[in-house]
Chemist: 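Encoded as structure tokens, here's the structure I'll be asking about.
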Amino acid sequence: MSLMSARGLVEITDPEFPRPVFRQSGFDGILTAKEMDEKISAWLKKTREAKGISRADLAHLLGLSVSVYARYERGSEARMSIPRLIHLCEIMGFMPLDMIFDTAPHLWGKTPEEAEERRTLTRLIERLPADTMRDLIRLLKRMMPGEEGAEALANMSEGG
């Protein structure tokens with residue numbers, strides 16, 4: 001089975017890229033890079049406002065001018081680097097997966113319900129004390145059948 005069919009990839013043309021790219025369809029179709037940027041920007045603004053942080057204060061904490069940070073919230077002029085995303089997480093107290101889930105929930109499950117349940121489970125696990133998390137990992141390893149459990153452990157230790 002090819003990678004394309006195994007991952008459910010389809011060839012698309014996106015104005016952001018000079019050549020066709022291969023993507024998975026989300027729950028509402030395939031978003032263009034611009035549409036993903038717009039969702040990320042809206043999420044950043046909503047999250048900042050919900051935390052009661054002004055754009056000026058956040059820009060200062062990031063070492064940016066207000067106009068440069070504002071580009072992230074407009075989404076059409078600047079793309080955030082991974083180090084900047086990590087910095088934002090440190091300041092605003094969110095996990096990168098929160099932002100990614102809002103943009104591409106299909107990465108978490110085959111249906112919106114399954115994706116939401118998996119994300120809810122992840123959030124709950126993130127709040128567990130370390131010793132409880134270790135106990136849960138041991139329990140889950142015992143619950144997974146033979147080779148599948150061993151493979152999951154190998155992937156976890158490799159970061160996959």
Side-chain angles (χ1 to χ4, degrees), residues 7-9 12 14-17 21-141 143-144 152-160:
R7 300 290 306 147
L9 302 173
I12 65 156
D14 187 317
E16 292 286 320
F17 304 109
V21 294
F22 294 81
R23 300 274 318 281
Q24 284 182 349
S25 183
F27 301 133
D28 298 319
I30 297 175
L31 299 178
T32 64
K34 182 178 185 205
E35 290 167 328
M36 286 189 284
D37 284 338
E38 289 167 356
K39 280 183 150 276
I40 290 167
S41 297
W43 189 90
L44 283 172
K45 182 177 181 180
K46 176 183 74 175
T47 301
R48 177 185 54 76
E49 289 174 346
K51 295 191 177 285
I53 302 171
S54 73
R55 200 179 262 173
D57 287 343
L58 184 54
H60 172 73
L61 293 170
L62 289 166
L64 300 172
S65 69
V66 176
S67 62
V68 169
Y69 175 75
R71 292 179 194 158
Y72 291 141
E73 288 189 7
R74 283 196 296 272
S76 58
E77 302 171 39
R79 287 201 170 127
M80 187 179 316
S81 67
I82 298 298
R84 183 72 68 200
L85 172 60
I86 292 168
H87 194 183
L88 266 169
C89 291
E90 292 169 348
I91 292 168
M92 295 207 306
F94 67 84
M95 297 294 284
L97 291 180
D98 296 330
M99 184 173 67
I100 296 169
F101 180 85
D102 195 69
T103 305
H106 65 282
L107 297 175
W108 275 257
K110 292 183 171 98
T111 66
E113 297 77 20
E114 181 183 331
E116 190 58 48
E117 287 173 350
R118 186 164 279 124
R119 184 66 191 121
T120 297
L121 180 60
T122 303
R123 285 185 178 130
L124 291 170
I125 291 170
E126 288 168 355
R127 294 186 186 112
L128 290 176
D131 57 336
T132 305
M133 190 171 43
R134 280 189 291 276
D135 291 342
L136 180 59
I137 290 169
R138 283 192 286 275
L139 175 64
L140 290 171
K141 287 176 186 176
M143 292 173 66
M144 296 183 80
L153 292 176
N155 288 338
M156 284 174 42
S157 65
E158 294 169 6

Chemist: Which heavy-atom pair separates Lys39 from Leu31 by the least distance, and what is that distance?
Modeler: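 Result for this residue pair: CD-CD1, 3.5 Å.
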
Chemist: Could you report the tightest heavy-atom contact between Arg55 and Ala70, atom names first, then the distance?
Modeler: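 Heavy-atom minimum between the residues: NH1-CB, 3.8 Å.
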
Chemist: Taking Tyr72 as the fixed residue, which of Ile40, Leu85, Leu64 is the one that meets the side chain to side chain contact (heavy atoms under 4.5 Å, CB included) rule?
Modeler: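 Output: one option passes, namely Leu64.
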
Chemist: Apply salt bridge (Lys or Arg N to Asp or Glu O under 4.0 Å) to Glu16 and list each qualifying residue two or more places apart in sequence or on a separate chain.
Modeler: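 Salt bridge (Lys or Arg N to Asp or Glu O under 4.0 Å) check on Glu16 returns Arg79.
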
Chemist: Please report the C-alpha distance between Leu58 and Lys51 in whole Å, then the side-chain angles of each, then the deciding distance to 0.1 Å, and finally whether the side-chain contact (heavy atoms from CB on, under 4.5 Å) criterion is met.
Modeler: CA-CA 11 Å; Leu58 184 54; Lys51 295 191 177 285; over 6 Å; no

Chemist: Taking it one step at a time, do Leu88 and Thr47 satisfy side-chain contact (heavy atoms from CB on, under 4.5 Å)?
Modeler: CA-CA 11 Å; Leu88 266 169; Thr47 301; over 6 Å; no

Chemist: Any chance you could measure Phe27, atom CZ, to Thr111, atom OG1, to the nearest 0.5 Å?
Modeler: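 One finds 6.0 Å between CZ of Phe27 and OG1 of Thr111.
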
Chemist: Tell me, with the steps shown, if Asp98 and Arg123 meet side-chain contact (heavy atoms from CB on, under 4.5 Å).
Modeler: CA-CA 9 Å; Asp98 296 330; Arg123 285 185 178 130; 3.9 Å; yes

Chemist: Counting neighbours of CG on Asp131 that are heavy atoms of other residues, nucleotides or ligands and sit closer than 6.0 Å, is the number greater than 12?
Modeler: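 Correct, the count exceeds 12.
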
Chemist: As an exercise, state the distance from CG of Leu61 to NE2 of His87, rounded to the nearest 0.5 Å.
Modeler: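 The NE2 atom of His87 is 7.0 Å from CG of Leu61, to the nearest 0.5 Å.
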
Chemist: CE/Met80 to CG/Asp37 distance, rounded to the nearest 0.5 angstrom?
Modeler: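 The CE atom of Met80 sits 9.5 Å away from the CG atom of Asp37.
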
Chemist: Measuring from Ile91:CD1 to Arg48:CZ, what's the distance to the nearest 0.5 Å?
Modeler: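 If we round to the nearest 0.5 Å, Ile91:CD1 and Arg48:CZ are 12.5 Å apart.
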
Chemist: Over all heavy atoms of both residues, which pair between Phe17 and Ala33 is shortest? Give the atoms and the distance, please.
Modeler: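 Closest pair (atom of Phe17, atom of Ala33, distance): CE1-CB, 4.1 Å.
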
Chemist: Sequence neighbours left out, what passes side chain to side chain donor-acceptor pair (under 3.5 Å) with Asp102? Give chain and number order.
Modeler: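 For Asp102, no residue satisfies side chain to side chain donor-acceptor pair (under 3.5 Å) once neighbours in sequence are set aside.
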
Chemist: Give the intermediate values and the outcome of side-chain contact (heavy atoms from CB on, under 4.5 Å) for residues Ile100 and Trp108.
Modeler: CA-CA 10 Å; Ile100 296 169; Trp108 275 257; 3.8 Å; yes

Chemist: Going by side chain to side chain donor-acceptor pair (under 3.5 Å), name the residues that satisfy it together with Arg118, two or more places apart in sequence or in a different chain.
Modeler: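 Side chain to side chain donor-acceptor pair (under 3.5 Å) list for Arg118, sorted by chain: Glu114.
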
Chemist: Which pairs count as side chain to side chain donor-acceptor pair (under 3.5 Å) when at least one residue sits in residues 60-69, sequence neighbours excluded?
Modeler: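 Counting only pairs at least two positions apart or across chains, the side chain to side chain donor-acceptor pair (under 3.5 Å) contacts touching residues 60-69 are Ser65-Ser67, Tyr69-Glu73.
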
Chemist: How many angstroms lie between atom CD of Glu90 and atom CG of Leu62, to the nearest 0.5 angstrom?
Modeler: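 That separation rounds to 10.0 Å.
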
Chemist: Please give me the minimum heavy-atom distance between Ile30 and Arg23, naming the atom from each residue.
Modeler: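 Residues Ile30 and Arg23, closest heavy atoms: CG2-NH1, 3.7 Å.
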
Chemist: I need the Leu97 CG to Thr122 OG1 distance, nearest 0.5 Å.
Modeler: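 Interatomic distance, Leu97 CG to Thr122 OG1, rounded to 0.5 Å: 7.0 Å.
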
Chemist: With sequence neighbours left out, write down each residue that passes salt bridge (Lys or Arg N to Asp or Glu O under 4.0 Å) with Arg127, or none if nothing qualifies.
Modeler: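 Applying salt bridge (Lys or Arg N to Asp or Glu O under 4.0 Å) to Arg127 gives none.
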
Chemist: Begin with the C-alpha distance, continue with both residues' side-chain angles, and end with the deciding distance and a verdict on salt bridge (Lys or Arg N to Asp or Glu O under 4.0 Å) for Glu117 and Lys110.
Modeler: CA-CA 11 Å; Glu117 287 173 350; Lys110 292 183 171 98; over 6 Å; no

Chemist: Does the distance from a Lys or Arg side-chain N to an Asp or Glu carboxylate O, for Arg138 and Asp135, drop under 4.0 Å?
Modeler: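 Asp135 and Arg138: salt-bridged.
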
Chemist: Going by side chain to side chain donor-acceptor pair (under 3.5 Å), name the residues that satisfy it together with Gln24, two or more places apart in sequence or in a different chain.
Modeler: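 Listed in chain order: nothing, the list is empty.
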
